[in-house]
Amino acid sequence: MTDISLLSKNEAGQKLTKELLLNLGPQHPSTHGVLRIMLELDGEEIRGVDTIIGYLHRGTEKLAENFTYTQIIPLTDRLDYLCAPSNNLAYVLAVERLLEIKAPERAQYIRVMMAEMARISGHLLISGALPMDLGAMTTLLYVMREREMIMDLMEMITGARMHTSFCRVGGVREDLPDGFEPRCREFCHVMKQRIDDYERLISENRIFLKRTRDIGKISGEQAIDWGLSGPCLRASGVSWDMRRDNPYEIYDRLSFEVIVRENGDCYDRWKCRMDEMRESVKLIEQCLDQMPAGPVAVAMPDIAFPLNKITVKSSMEAMIHHFDVSAYGFPVPKGEAYVSIEAPKGELGFYIISDGSPKPLRMKVRAPSFINLQALAVLARGCYLADVIAIIGSLDPVIAEVDK
Amino acid sequence: MYNENALDRISREHRWIGVTFFLDLINGLSLTFKYMFSKSVTMQYPDREKWVPYPRHRGHHVLRRDENGENKCVACELCAKICPCNCITVVPYEDENGKRRPLVYDVDMARCLYCGLCEDSCPEEAIALGSVFEYSSYTSEELVVGRDSLLEMDGKTGDPGSVVKARYLPLAQCTVEAQESSGHDWWRFIHRKD
Amino acid sequence: MELMIAVAVIMVKVVLITVILFIVPVPLTWLERKIAGHIQQRMGPMRVGWHGLLQPVADGLKLLTKEDNIPDQSDRVLFKIAPFVALVPPFMVFVAVPFGEDVSILGYETPLYLSDMNVGLLYILAVAGLEIYGVIFGGWASNSKYALLGSLRTCAQLISYEIPMGFAVIGVIMLSQSMNLSDIVDAQEPLWFIIYQPLGFFIFFIAGLAEAQRIPFDLAEAEGDLGAGYHTEYSGMRFSFFMISEYLVMLTISVLCVLLFFGGWHGVLIPLPAPIWLALKVGFFIYLFMWFRFTFPRYRYDQLMSIGWKVLVPLSILNILITGIFIY
Amino acid sequence: MANLENRFSNNVFFGTVDSVINWSRSSALWPETFGIACCAIEMISAGCARYDLDRLGVVFRPSPRQSDVMIIAGTVTKKFAPIVRLLYDQMTEPRWVIAMGTCAISGGVYNTYAVVQGSERIVPVDVHVPGCPPRPDALIHGILMLQEKIKKQHVLRRKDPQETGKVSP
Amino acid sequence: MSNQPLRELLQRESIQQRCESVYETFGMLTLTVSKENLLALCHLLKHDSALQFNFLSDICGVDHYPQRPRFETVYHLYSIPFKYRLRIKCRFELDELPPSVVPVWQTANWHEREAYDMYGIAFVGHPDLRRIYMWEGYDGYPMRKDYPLRGYADHYNPFGEARSERTEGA
């Protein structure tokens, strides 16, 4: 029997066929934004992957060097736009580390609660987008329906649906509004059932299993070597969650389970997010249960805006502080701090170097999507064209965060 | 981990039964079938219903008036300074009573981030972000809004956080006229009974 | 005179069927969007006409008045004829499809089909297979990699699923001892063939899903990886021809399912006119197609092929064996 | 058919045909699935169950050839600007553009070295939807505005001399 | 979390002789290291059984413009088994470039490409050093302190500075 592969070669053994270069993106329905991937295809099999990013590079870090510490807060929203409160939280924690202050307890609970809501909203979207990329459109519609509830709660608390800008250095912007708690509890109640619905629709489905099981596999050591974090790392069997291992804010008072799965394939990454949403719902409920009374921002007029404008008008000193903070920002002690939190996508770190002025000398964002996306080249090698879509979906890159 | 129904249990315990008789697929099909005959959660925005945002909503800017009906703004320019995108332009003048007032107060809606920092920094609580969100325009020049139109914008009104009845007026700049509250709560739709 | 009437009747029937087939996609697209909407707890089209009934009309008119773009580097002739090549076979299929028993209109006895071929089934399978050419031409002529990949996938898929489809039908032919569709339907008068041929129906239906390129086998236009697949470069009217052809293939498969396995126009319990029974049953299958589309993900290309060759073909041969033993 | 535009004189019959064509075009606006940044998520939200763009006859098409309206939903960077233009060129006539969100209208807060200060510099924008990001309702309102604009266009009739300049609604 | 155990571990001679100083700022231990010792130190930190800094969180380029030496790379390491966090800083001028740490941690690849794109730090021995955010042929390194925030004026961005104001070194 002749070897079929010989047919594509001439007598000298040179290959007569050549790889097809396929350009996926930057505008493509399932690259989750403006990601561009150059694929070297042999038939439908992938020989090489080159990920080209930067189509959404907006210069956030450069801009931050020209902004005061307060003005940067709205910028951080727009990094990982699916879960803005997490970004706010990481940023203000870094500034607070430099100022060596801590937000009041109630503010910490509110922040954590919102970060968990953001986690659900981020995970929801991706757990709907992955099946949609594989053809199951309805899942996306269902998850967006529940996401609207989170958007509604966010609008109720902060006034914006996506870009909350709610955390402030030394606290949060406002207290929770009236009527929030029953709504939030209702949401938790509904959400638990709805996650079951998604699982019923998709997680046992043989087609979905076939498309995601053993696709894009990565082992634990390799995942660490490639710097994966968050659900992508935990799906490979590495039990590392900053909320448990390096607790920040009030996570040490809450009880939750760190979801770890063994296989490290697309299905496990997806499933990991599903289960994390359940944990997040529990965390939100715990936050609501434990929520203490008290102020929501530190009483430091030289840093935080007073919420009540009457105090500004009542004393000259407060007035001067207010004008100072608004117009020129507040100086931050010289030094550098790196603070990272467990964002929905993985380790989100803010590294701020301050030279003692009201503007940072350098602000570096350790964007988890950026690092996670890097592993695409390793995961996709040897897969089929259609698998690349599943792998991108399971890595969950948010291009705004990748490109900064 | 999650509440299994009977079909799930069968397919989990005896996997071959599930695989042979397509229980996994039937499970999904039954779910979509159930949803098909449930009430839709859609809000019929332009024609029938309209969402009135929550009181904290950050939409179109508003200049507030004090109890005498005068502009509250004292043109201290704090909002212009704190704005990350420099979208507010304030030119002060002194009115006949010797008070500082804005001669020009322009907000460039096309550049604004709607972050709410101006609202936070205003010592007089004059500038605020209101609940109006329908202000699309055909040209970007129209999006620079001046002092007088900011004063005319209504602030945070209505029955916030609910769906009200609405009527679509196509010819008059495609406005959607909000009418009385229908007492209809969007959350009621989404909450499926068990 | 006799001849004149016969010709006139045939002409009327031709026109009627053509018009119906051109019109059928209109309610089907509306239905699909409505079904999609309700499955997803939305509403679907609402603003154009009563509950969006005129939506497909607006879509069609818009596509008609849109620029007909021909890519610069395309193979112009093939690019232009491809939509027609894709459109014609589904129409040709309906030449041999019976819609009911003979009826008498104005005292004139006429059968409810255009041509009563004695190899009707074979003809249908053969003609339906021609649809591939439109897709291949379209994908090839576009000179776009996405379109090319889409059409390559479609080719492989359609060709390999023709085989189990043809094999699955053999069981039916063995039972009815005929390839004439009206004979097959008549043979189901006492009991539908689905009772005798559950496996055959299962294979036929799966292969039909693949032939109609519906989820979970809609690889040709997998939005996820190929953009719009083979018709990526098509716009305006030509694109709408592809869409019409797609809906008609779906209709064809549904009609075949009903005729071969579900007793054709024979009703149960409630006496209704034959074409209405047929329409109801076909409607059920079309709903099934749409219901599947909004529930399932799609298979991967190689998985699709292995299902076709490693599962469906052996099963269909097994089905023939079982049927043979059963008859013997 | 698009090459018929403005070749006929103004009379009642063509006026009616015009309105029918405009009706069909305005009630079947197919946008591209073309999301860039944050606004894309709100665009998806608008297409999903709570707001449901499908009610207005708006369905997303993956191919620019088959779409009528491009919703620029997000920041257009200098690296991405040529692609936006290319996609616009690939769309078939008649075509419209909605700039969604402040980043697309003017660059927004990102007045930096990498960002195009307004997508009007690349493609002709018909409707601007401000907001950061605009609520889905606001996007729907923008689409309604576009529909009104389309309904005032002349397809078959010759334009009035006054109108030959910028088409103002 | 106290940094004391980690500080004691870092007292060892093999580490001490490779780094210039060890100090703690805002709750994190920092090693400063010269570019010659960087690769060896990273190797040591990763493979030492008591440290196991197997996770490279971040590489950050910094431009201290008027000061000399001008550039700095900051590495944030994490040890998943022991939950230590450590910062390594390496300062240099552009004529004496630091080595790439890709041989130690694969993930450094894109981090270093980013630093190259933004600051022009061409890491020695990097397998695939291309621009990552800006397109090939882009003029200048935007994150440098002497690069104007709005870039140079062009068709797309009329708010930028005029090209003639371009300062030396950008």
Side-chain angles (χ1 to χ4, degrees), chain C residues 29-30 32-49 51-72 74 142 144 146-147 150 221-240 242-243, chain D residues 1-5 17-34 44-69 87-96 136 140 143-144 147 150-151 153-156:
Chain C
T29 44
W30 179 80
E32 174 142 35
R33 282 168 79 166
K34 272 294 184 196
I35 286 174
H38 283 281
I39 279 183
Q40 294 158 354
Q41 288 206 302
R42 304 183 281 128
M43 294 189 142
M46 284 299 283
R47 294 191 86 220
V48 192
H51 279 250
L53 258 178
L54 290 178
Q55 188 65 51
V57 180
D59 284 350
L61 247 173
K62 184 210 74 177
L63 283 172
L64 213 68
T65 58
K66 227 172 142 49
E67 181 192 349
D68 178 23
N69 182 71
I70 297 170
D72 210 22
S74 62
S142 301
S144 153
Y146 285 120
E221 43 190 312
E223 274 182 23
D225 34 333
L226 289 186
Y230 63 90
H231 55 60
T232 303
E233 297 288 338
Y234 280 89
S235 60
M237 216 164 55
R238 293 177 205 281
F239 164 67
S240 69
F242 274 122
M243 289 311 265
Chain D
M1 196 80 170
N3 53 1
L4 294 180
E5 293 206 3
V17 174
D18 253 12
S19 61
V20 169
I21 291 176
N22 282 338
W23 165 79
S24 77
R25 283 178 177 177
S26 67
S27 37
L29 279 173
W30 293 359
E32 255 173 277
T33 42
F34 177 49
I44 298 173
S45 287
C48 287
R50 187 179 176 186
Y51 294 98
D52 190 16
L53 277 178
D54 200 9
R55 275 180 306 128
L56 316 173
V58 175
V59 283
F60 289 91
R61 293 295 318 169
S63 167
R65 301 269 187 221
Q66 294 146 18
S67 44
D68 315 292
V69 51
L87 283 170
Y88 179 75
D89 290 341
Q90 280 178 343
M91 283 164 66
T92 46
E93 290 279 353
R95 53 195 169 182
W96 296 276
I140 292 177
I143 290 173
L144 292 175
Q147 290 186 343
I150 293 168
K151 279 180 189 159
Q153 279 180 345
H154 300 270
V155 185
L156 298 175

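Proteins get letters first, then strands, A, B, ... in listed order; numbering begins at 1 in each. Atoms considered below: every heavy atom in the structure, side chains included; atoms not considered: hydrogens, waters and symmetry mates.
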Problem set entry | Under the ring-ring contact (aromatic ring centres under 6.0 Å, His included) test, residues paired with D/Tyr51 that sit two or more places apart | none
Exercise. Taking the side chain as C-beta and beyond, is there a heavy-atom pair between C/Phe239 and D/Thr92 under 4.5 Å?
Worked result: no
Exercise. Hey, is the main chain of C/Asp59 close enough, under 3.5 Å, to the side chain of D/Arg25 for a donor-acceptor pair?
Worked result: no
For this session: Kindly give the heavy-atom pair with the smallest separation between D/Ser27 and C/Ala58, and that separation in Å.
Result: OG-CB, 3.7 Å
Exercise. Of all of D/Arg65, D/Gln90, D/Met91, which one pairs up most often with chain C through heavy atoms under 4.5 Å apart?
Worked result: D/Arg65
Problem set entry | Per-residue contact mode, C/Leu63 against chain D (heavy atom under 4.5 angstrom) | side chain
Exercise. If you count heavy-atom pairs under 4.5 Å with chain D, which of C/Pro71, C/Gly44, C/Gly60 comes out on top?
Worked result: C/Gly44
Exercise. What closest approach, in Å, do C/Arg33 and D/Asp54 show between heavy atoms, and which atom pair accounts for it?
Worked result: NH2-OD1, 2.7 Å
For this session: Apply the test side chain to side chain contact (heavy atoms under 4.5 Å, CB included) to residues D/Gln147 and C/Arg47: give CA-CA distance (whole Å), side-chain angles for both, the deciding distance (0.1 Å), then the verdict.
Result: CA-CA 12 Å; D/Gln147 290 186 343; C/Arg47 294 191 86 220; 3.5 Å; yes
Seminar exercise, completed: Sequence neighbours excluded, the answer for ring-ring contact (aromatic ring centres under 6.0 Å, His included) partners of C/Phe242 is C/Tyr230, C/Tyr234
Exercise. Does any heavy atom of chain D fall under 4.5 Å from the side chain of C/Gln40, the backbone, both, or neither of them?
Worked result: backbone
Exercise. Relative to chain C, which segment of D/Ser67 carries a heavy atom at a distance below 4.5 Å: side chain, backbone, both, or neither?
Worked result: backbone
Problem set entry | Partner chain D: residue of C/Gly37, C/Ser235, C/Pro45 with the largest heavy-atom pair count (under 4.5 Å) | C/Pro45
Exercise. With chain C, which of D/Asn22, D/Leu29, D/Leu53, D/Asp52 has the greatest number of heavy-atom pairs at distances under 4.5 Å?
Worked result: D/Asp52
For this session: Kindly compute the distance separating CG (D/Asp68) from NZ (C/Lys66), expressed to the nearest 0.5 Å.
Result: 4.0 Å
Exercise. Does NZ or CZ of C/Lys62 come closer than 6.0 Å to the centre of the six-membered ring of D/Trp30, within 45° of the ring's axis?
Worked result: yes
